[in-house]
Participant: 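Take this structure first; my questions come after.
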Amino acid sequence: MVDVNNFASDGWFKDEFHKRYSESAKEIGRFNLAVFGKTGVGKSTLVNAVFGAEVAKTGIGEPVTKESTLYLHTSGFFGLLDTQGLEIGIEGDRVIKDLAKLIQERRRKPQSEQIHVAWYAVRFADRRFEDTEAAFIQKLADLGLPVVLVMTQVPTSPTGAFHPDAVEFAQQIDARGLPVHGARVYLTNAKADDFSGQQVHGLQELVDATFRCAPAGVEEALTAAQRVDLKRKQEQANTVIAGAATAAGAAGATPIPFSDAVVLVPIQLGMMARISAIYGIEVDKAAMASIAATAAATQAGRTVAGNLLKMIPGFGTVGGGAINATVAAGFTGAIGAAWSAVCVKLGEGKLRGVNGALDTESIRALFLDELKNQISRLKLHGKEK
């Protein structure tokens with residue numbers, strides 16, 4: 001049971017948040033992607049656009065075996081397996097040999113240590129797809145690795161139409177009947193160019209394809225790792241919120257507000273930590289933001305939180321104004337939804353001051369506004385019933 005007096009301590013809160021986040025991270029696991037293609041096709045730009053730049057910050061990664069051609073970078077919920085400056089057309093057999101050994105070894109390990117999907121990238125400007133590349137893709141598929149074929153740096157017209165040469169190039173590749181997901185090549189541009197007016201495109205389709213061919217059990221890790229599909233993150237967060245609300249309702253009657261709800265604190269803290277992980281918020285940043293966010297409710301205490309709770313249908317029906325199951329579930333759900341809104345902004349790089357530090361006042365204001373909005377919805381819902 002949580003000591004309510006210690007709950008007010010930022011140090012306790014941060015330590016407990018780290019613990020809960022770590023537990024969530026372990027349960028979520030890691031999505032591991034292998035990326036191949038000739039040198040200069042834009043693999044790093046593509047990966048950074050979909051999964052963020054954190055992996056690049058880890059350096060060149062570690063060789064997966066002694067004298068291996070393959071290097072594994074890991075960051076949070078994402079692992080990247082790639083080659084270091086090798087020309088696939090020339091050294092593809094060596095890569096395949098190392099990859100086959102790696103896959104064989106990792107099949108005996110937990111799923112988070114296995115390789116889940118491969119991207120093979122070709123560049124539109126090259127306008128050539130060689131037989132050696134087709135053979136490499138076939139060998140990837142023979143290893144049991146789902147392959148998504150991607151064309152990079154594809155220009156579009158002002159109306160969004162693909163360059164006709166890119167369409168023709170893609171048709172030529174598709175005609176080979178390669179063992180790739182969807183039997184097609186996905187056309188993308190991962191980096192906007194203000195000078196030419198080219199916009200980012202095709203990344204949502206690429207992410208969708210990756211989800212479809214990824215093995216069962218890695219969806220939550222892939223959801224947390226990718227930065228393109230916010231809707232998937234929101235849906236996963238809503239699932240967590242619903243589970244926490246149910247658990248809070250089952251916890252029984254407890255006093256108010258958030259800071260005093262001894263039974264609810266572990267449930268709500270675990271919920272916030274897991275939502276942070278789903279949105280890919282780094283743990284230290286998430287912990288600091290969560291302290292600021294919950295301060296909006298706890299500092300307001302019985303005056304603000306208490307008044308908010310009175311808006312929830314069922315409040316006050318228990319002696320002494322204790323939270324009954326309906327209120328516990330409703331308030332926990334409201335906290336989760338408000339925190340999810342904060343995480344969306346954090347994931348977009350917002351809620352920061354001019355010096356780059358977290359803007360705690362903006363976090364508190366956003367959290368409290370969203371909390372009020374969520375509880376107002378509960379009130380309206382109760383009246384409809």
Participant: Looking at Arg227 and Gly280, what are the two nearest heavy atoms and their distance?
Facilitator: NH2-O, 4.1 Å
Participant: Begin from the C-alpha positions of Asp98 and Lys101 and carry the test side chain to side chain contact (heavy atoms under 4.5 Å, CB included) through to its verdict.
Facilitator: CA-CA 5 Å; Asp98 285 346; Lys101 183 178 179 182; 5.7 Å; no
Participant: Taking Val50 as the starting point, is it possible to reach Val41 by hopping between hydrophobic residues whose side chains are less than 4.5 Å apart?
Facilitator: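 Not linked; separate clusters.
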Participant: Taking side chain as C-beta onward, heavy atoms only, is Leu358 less than 4.5 Å from Leu346?
Facilitator: yes
Participant: Counting only N and O atoms by type, is there a donor-acceptor contact under 3.5 Å from the side chain of Asn189 to the main-chain atoms of Gln199?
Facilitator: yes
Participant: So, Trp119 side chain and Val148 main chain: donor-acceptor pair closer than 3.5 Å or not?
Facilitator: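 No; judged by distance alone, with no hydrogens or angles, the pair does not exist.
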Participant: Would you indicate whether the side-chain heavy atoms of Thr223 and Phe31 approach each other to under 4.5 Å?
Facilitator: no
Participant: Between Lys345 and Arg352, is there a side-chain heavy-atom distance shorter than 4.5 Å?
Facilitator: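 The answer is no, as the side chains (C-beta and beyond) never meet within the 4.5 Å cut-off.
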Participant: Quick one: do Leu70 and Phe36 satisfy side chain to side chain contact (heavy atoms under 4.5 Å, CB included)? Show the steps, please.
Facilitator: CA-CA 10 Å; Leu70 299 171; Phe36 303 107; 4.0 Å; yes
Participant: To the nearest 0.5 angstrom, please state how far the CG atom of Leu33 sits from the CG atom of Leu46.
Facilitator: 9.0 Å
Participant: Check whether any side-chain heavy atom of Gln172 lies under 4.5 Å from a side-chain heavy atom of Glu168, and answer yes or no.
Facilitator: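 Of all side-chain heavy-atom pairs linking Glu168 with Gln172, at least one is under 4.5 Å.
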Participant: Whether Arg123 and Asp126 form a salt bridge (side-chain N of Lys/Arg under 4.0 Å from carboxylate O of Asp/Glu) is what I want to check.
Facilitator: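 Counted as a salt bridge, because a side-chain N and a carboxylate O are separated by less than 4.0 Å.
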Participant: Donor-acceptor pair, Arg176 side chain versus Phe129 backbone, under 3.5 Å?
Facilitator: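 It does hold such a pair.
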Participant: In sequence, state the C-alpha distance, the side-chain angles, and the governing distance for Val147 and His181, and then conclude on side chain to side chain contact (heavy atoms under 4.5 Å, CB included).
Facilitator: CA-CA 6 Å; Val147 182; His181 176 75; over 6 Å; no
Participant: Taking the side chain as everything from C-beta on, heavy atoms only, tell me whether Ile241 gets closer than 4.5 Å to Ile335.
Facilitator: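 Not touching, per the 4.5 Å side-chain cut-off.
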Participant: First locate atom CG of Leu81, then atom CG of Leu99, and finally report the distance between them rounded to the nearest 0.5 Å.
Facilitator: 6.5 Å
Participant: Pair Gln234, Asn238 - check side-chain hydrogen bond (donor to acceptor under 3.5 Å, both in side chains), show working.
Facilitator: CA-CA 6 Å; Gln234 291 172 328; Asn238 288 342; over 6 Å; no
Participant: To the nearest 0.5 Å, what is the distance between CG on Leu178 and CG on Leu149?
Facilitator: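 Rounded to the nearest 0.5 Å, the CG-CG separation comes out at 6.5 Å.
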Participant: Decide yes or no on side chain to side chain contact (heavy atoms under 4.5 Å, CB included) for Asn32 and Gln114, but give the supporting numbers first.
Facilitator: CA-CA 7 Å; Asn32 297 311; Gln114 299 174 22; 5.6 Å; no
Participant: Donor-acceptor pair, Glu130 side chain versus Thr132 backbone, under 3.5 Å?
Facilitator: no
Participant: When you measure from the side chain of Lys233 to the backbone N and O of Val344, does any donor-acceptor pair fall under 3.5 Å?
Facilitator: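 Absent.
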Participant: Do Asp359 and Lys350 pass the salt bridge (charged side-chain N to carboxylate O under 4.0 Å, His left out) test, and can you show the C-alpha distance, the side-chain angles, and the key distance before you say yes or no?
Facilitator: CA-CA 9 Å; Asp359 185 346; Lys350 298 177 182 177; over 6 Å; no
Participant: Are the side chain of Thr188 and the backbone of Met151 linked by a donor-acceptor contact shorter than 3.5 Å?
Facilitator: yes
Participant: Restricting to non-hydrogen atoms, name the atom on Leu203 and the atom on Ala49 that form the minimum distance, rounded to 0.1 Å.
Facilitator: CD1-CB, 3.8 Å
Participant: Can you tell me how far CD1 of Ile281 sits from CE of Met288, rounded to the nearest 0.5 angstrom?
Facilitator: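 That separation rounds to 15.0 Å.
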Participant: Between Glu23 and Arg274, does any NZ, NE, NH1 or NH2 come within less than 4.0 Å of an OD or OE carboxylate oxygen?
Facilitator: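 Salt bridge flag = no for Glu23 with Arg274.
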Participant: Kindly say whether Lys285 contributes a backbone atom to a donor-acceptor pair with the side chain of Glu282 at under 3.5 angstrom?
Facilitator: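 Judged by distance alone, yes, a pair lies under 3.5 Å.
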Participant: Tell me the closest heavy-atom pair linking Gln153 and Gly42, and the distance in Å.
Facilitator: NE2-CA, 4.1 Å
Participant: Roughly how far, to the nearest 0.5 Å, is CZ of Arg20 from CD of Glu16?
Facilitator: 5.0 Å
Participant: Assess, by modelled atom type and distance only, whether the side chains of Gln204 and Asp229 contain a donor and an acceptor separated by less than 3.5 Å.
Facilitator: yes
Participant: Using atom types as modelled and distance alone, determine if a side-chain donor or acceptor of Ser22 lies under 3.5 Å from a backbone N or O of His18.
Facilitator: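 No; judged by distance alone, with no hydrogens or angles, the pair does not exist.
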Participant: Are the side chain of Lys43 and the backbone of Gly37 linked by a donor-acceptor contact shorter than 3.5 Å?
Facilitator: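 Side chain of Lys43 to backbone of Gly37, a donor-acceptor pair under 3.5 Å: yes, one is there.
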Participant: I'd like to know if Glu205 pairs up with Arg184 as an ion pair, taking the criterion as any Lys NZ or Arg NE/NH1/NH2 lying under 4.0 Å from an Asp or Glu carboxylate oxygen.
Facilitator: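 Yes.
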Participant: Provide the closest heavy-atom pair for Ala166 versus Val154 in the form atom of the first, atom of the second, distance.
Facilitator: CB-CG1, 3.6 Å
Participant: Take atom CZ in Arg107; do more than 12 heavy atoms of anything else shown fall under 6.0 Å from it?
Facilitator: yes
Participant: Can you name the closest pair of heavy atoms from Tyr120 and Phe136 and give their distance?
Facilitator: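 In terms of heavy atoms, the two residues are closest at CE1-CD2, 3.7 Å.
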Participant: Check whether any side-chain heavy atom of Ser75 lies under 4.5 Å from a side-chain heavy atom of Phe51, and answer yes or no.
Facilitator: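 SC-SC contact between Ser75 and Phe51 ruled out.
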Participant: Taking the six-membered ring for Trp, is the centroid-to-centroid distance between His73 and Phe78 below 6.0 Å?
Facilitator: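 No, too far apart.
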Participant: Going by atom types only, do Gln268 and Thr332 share a side-chain donor-acceptor pair under 3.5 Å?
Facilitator: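 Result is yes, a qualifying pair exists.
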Participant: Centre of Phe211's six-membered ring, under 6.0 Å away, within 45 degrees of the axis: is that where NZ or CZ of Arg232 sits?
Facilitator: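 Yes, a cation-pi geometry holds between Arg232 and Phe211.
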Participant: Check for a donor-acceptor pair, side chain of Ser340 on one end and backbone N or O of Ala337 on the other, with a separation under 3.5 Å.
Facilitator: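 Answer holds: no.
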Participant: Would you please classify the geometry between the Phe124 ring and the His163 ring as parallel, tilted or perpendicular, with 30° and 60° separating the classes?
Facilitator: tilted
Participant: Is any side-chain heavy atom of His116 less than 4.5 Å from a side-chain heavy atom of Leu145?
Facilitator: no
Participant: Please report the closest heavy-atom contact between Gly29 and Ser112, naming both atoms and the distance.
Facilitator: CA-CB, 4.2 Å
Participant: Could you check if a side-chain atom of Glu133 sits within less than 4.5 angstrom of a side-chain atom of Lys38, using non-hydrogen atoms only?
Facilitator: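 They are in contact (side-chain heavy atoms under 4.5 Å apart), so the answer is yes.
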Participant: Can you measure from SG (Cys213) to CG (Asp208) and round to the nearest 0.5 angstrom?
Facilitator: 11.0 Å
